[in-house]
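Right, one structure below, let's go through it.
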Amino acid sequence: MNIIINADDLGMSQEVNDATFALMDQGLVTSASIIANSPMVEEACAKIASYPQCSFGIHLNVTEFRPTVSTDSLSPLLDTNGEFVSERLWEISVDSKLTAGIFQEFSAQVERLAGLGVEISHIDSHHHVHTLPRIFPVLKRIQKRFQIRKVRISKNVYGIHEKPPTALRIKKFLYNFLLKNYYRTKTTRGFTDFNLFCEYALTKPMNQKTCELMIHPGNRFYDAAEVDLLRGPWRDSIGFPVRLINYRELI
């Protein structure tokens with residue numbers, strides 16, 4: 001199995017940057033996604049040239065920090081300080097004005113990373129907003145505008161104690177099918193958290209040829225045990241051979 005180990009949230013903080021690049025130095029993380037409107041994005045982008053063995057994507061974001069653009073169209077997603085509110089996108093209706101604002105913001109985020117020298121390998125998003133059906137048309141417009149053909153799928157590999165409803169599984173299957181086939185897009189076959197993958201792979205056979213595993217080094221909102229697991233002998237314990245690749249190697 002070919003596996004991409006992607007560190008989310010690069011640029012979020014000094015701790016996230018340091019932890020991510022340390023794991024890349026050790027050959028344990030092969031890819032990362034960058035938040036273009038995050039506090040430490042410039043510091044992160046200044047270092048990526050030292051990691052040609054890794055890929056760097058964009059972590060599209062309308063749920064945290066300040067927007068890249070100034071527009072009234074985004075006001076339903078902002079607090080009184082002009083910062084994105086994490087849960088707001090799930091609480092409101094997305095009309096044409098807001099859709100236009102999100103497209104403008106996503107475009108500006110892509111352009112900012114390009115301006116900082118990032119060759120964007122793939123698209124994913126903060127809090128998985130790109131997998132929301134109402135954001136799907138915006139995502140496809142971004143792909144077409146910037147010719148980005150690789151995107152993270154919606155989660156489809158679960159831990160042994162996770163039992164998503166059948167209706168949710170069907171919705172995810174349909175989303176992933178449309179993602180791949182509407183404006184032809186290359187994706188992995190599977191996607192999940194790193195720790196859930198290890199849990200699943202210990203108990204069940206896996207038929208995916210490629211899988212992306214998400215990890216959050218240095219992020220205080222996630223359990224640091226996942227990084228300890230990554231540093232351990234997980235490849236020996238899962239019972240089948242894996243090859244670590246980055247998003248540029250996904251063909």
Side-chain angles (χ1 to χ4, degrees), residues 4 6 8-12 31-38 41-42 44-45 48-49 54-78 82-84 88-90 92-154 172 174-188 191 212 214 246-251:
I4 298 169
N6 190 90
D8 284 16
D9 304 331
L10 189 60
M12 174 179 279
S31 183
S33 41
I34 307 168
I35 302 178
N37 65 324
S38 60
V41 63
E42 292 183 5
C45 292
I48 65 175
C54 297
S55 57
F56 294 88
I58 185 165
H59 208 50
L60 295 173
N61 177 29
V62 286
T63 57
E64 192 170 6
F65 309 124
R66 288 185 176 275
T68 307
V69 298
S70 177
T71 172
D72 290 340
S73 299
L74 291 174
S75 59
L77 300 178
L78 307 179
E83 296 192 355
F84 286 119
R88 188 67 58 79
L89 190 60
W90 285 263
I92 63 174
S93 61
V94 179
D95 58 18
S96 58
K97 182 179 178 180
L98 180 55
T99 297
I102 293 172
F103 175 74
Q104 186 180 358
E105 175 64 19
F106 283 171
S107 295
Q109 291 179 11
V110 173
E111 289 166 349
R112 185 175 190 200
L113 290 193
L116 290 170
V118 181
E119 184 179 346
I120 297 173
S121 59
H122 69 284
I123 293 173
D124 55 46
S125 62
H126 205 32
H127 302 126
H128 309 291
V129 298
H130 78 284
T131 65
L132 296 175
R134 56 189 135 171
I135 302 299
F136 184 83
V138 182
L139 169 66
K140 288 299 174 180
R141 286 180 66 193
I142 291 295
Q143 284 190 257
K144 291 178 182 179
R145 178 175 181 181
F146 297 101
Q147 298 292 294
I148 302 173
R149 291 279 186 171
K150 296 177 182 179
V151 181
R152 172 184 287 173
I153 62 172
S154 184
K172 285 177 172 287
L174 292 174
Y175 173 87
N176 290 337
F177 177 83
L178 290 173
L179 176 66
K180 295 174 187 178
N181 292 284
Y182 180 75
Y183 187 74
R184 185 72 66 175
T185 298
K186 185 66 180 178
T187 74
T188 59
F191 167 64
E212 180 189 356
M214 171 180 63
N246 61 48
Y247 254 101
R248 292 195 312 275
E249 297 173 282
L250 182 65
I251 58 174

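We number each residue from 1, following the sequence as shown. These figures come from a predicted structure and were not determined experimentally.
With sequence neighbours excluded, no residue forms a salt bridge (Lys or Arg N to Asp or Glu O under 4.0 Å) with Glu119. Take Arg248 and apply the side-chain hydrogen bond (donor to acceptor under 3.5 Å, both in side chains) test, not counting sequence neighbours, and it matches no residue. For Glu42, the salt bridge (Lys or Arg N to Asp or Glu O under 4.0 Å) partners are Arg112, not counting sequence neighbours. Applying the side-chain hydrogen bond (donor to acceptor under 3.5 Å, both in side chains) rule to Glu105 yields the partners Thr68, Gln109; only residues at least two apart in sequence or on another chain are considered. Remark: Arg141 engages Phe103 in a side chain to side chain contact (heavy atoms under 4.5 Å, CB included) (not counting sequence neighbours). Residues satisfying the ring-ring contact (aromatic ring centres under 6.0 Å, His included) criterion with His126, sequence neighbours excluded, are His59. With sequence neighbours excluded, no residue forms a ring-ring contact (aromatic ring centres under 6.0 Å, His included) with Phe177. Partners of Asn181 under the side-chain hydrogen bond (donor to acceptor under 3.5 Å, both in side chains) rule, at least two apart in sequence or in another chain, are Arg184. Residues passing the salt bridge (Lys or Arg N to Asp or Glu O under 4.0 Å) test with Glu249, sequence neighbours excluded: Arg243. By the salt bridge (Lys or Arg N to Asp or Glu O under 4.0 Å) test, Asp9 pairs with no residue at all, sequence neighbours left out. Considering only residues two or more places apart in sequence or on other chains, Asn37 meets the side-chain hydrogen bond (donor to acceptor under 3.5 Å, both in side chains) condition with Asn61.
Annotation: salt bridge (charged side-chain N to carboxylate O under 4.0 Å, His left out) contacts involving residues 125-140, sequence neighbours excluded, are absent.
Side-chain contact between Tyr247 and Lys186: absent, with no pair of heavy atoms (C-beta onward) separated by less than 4.5 Å. Residues Glu212 and Leu250 fail the side-chain proximity criterion, which asks for heavy atoms closer than 4.5 Å.
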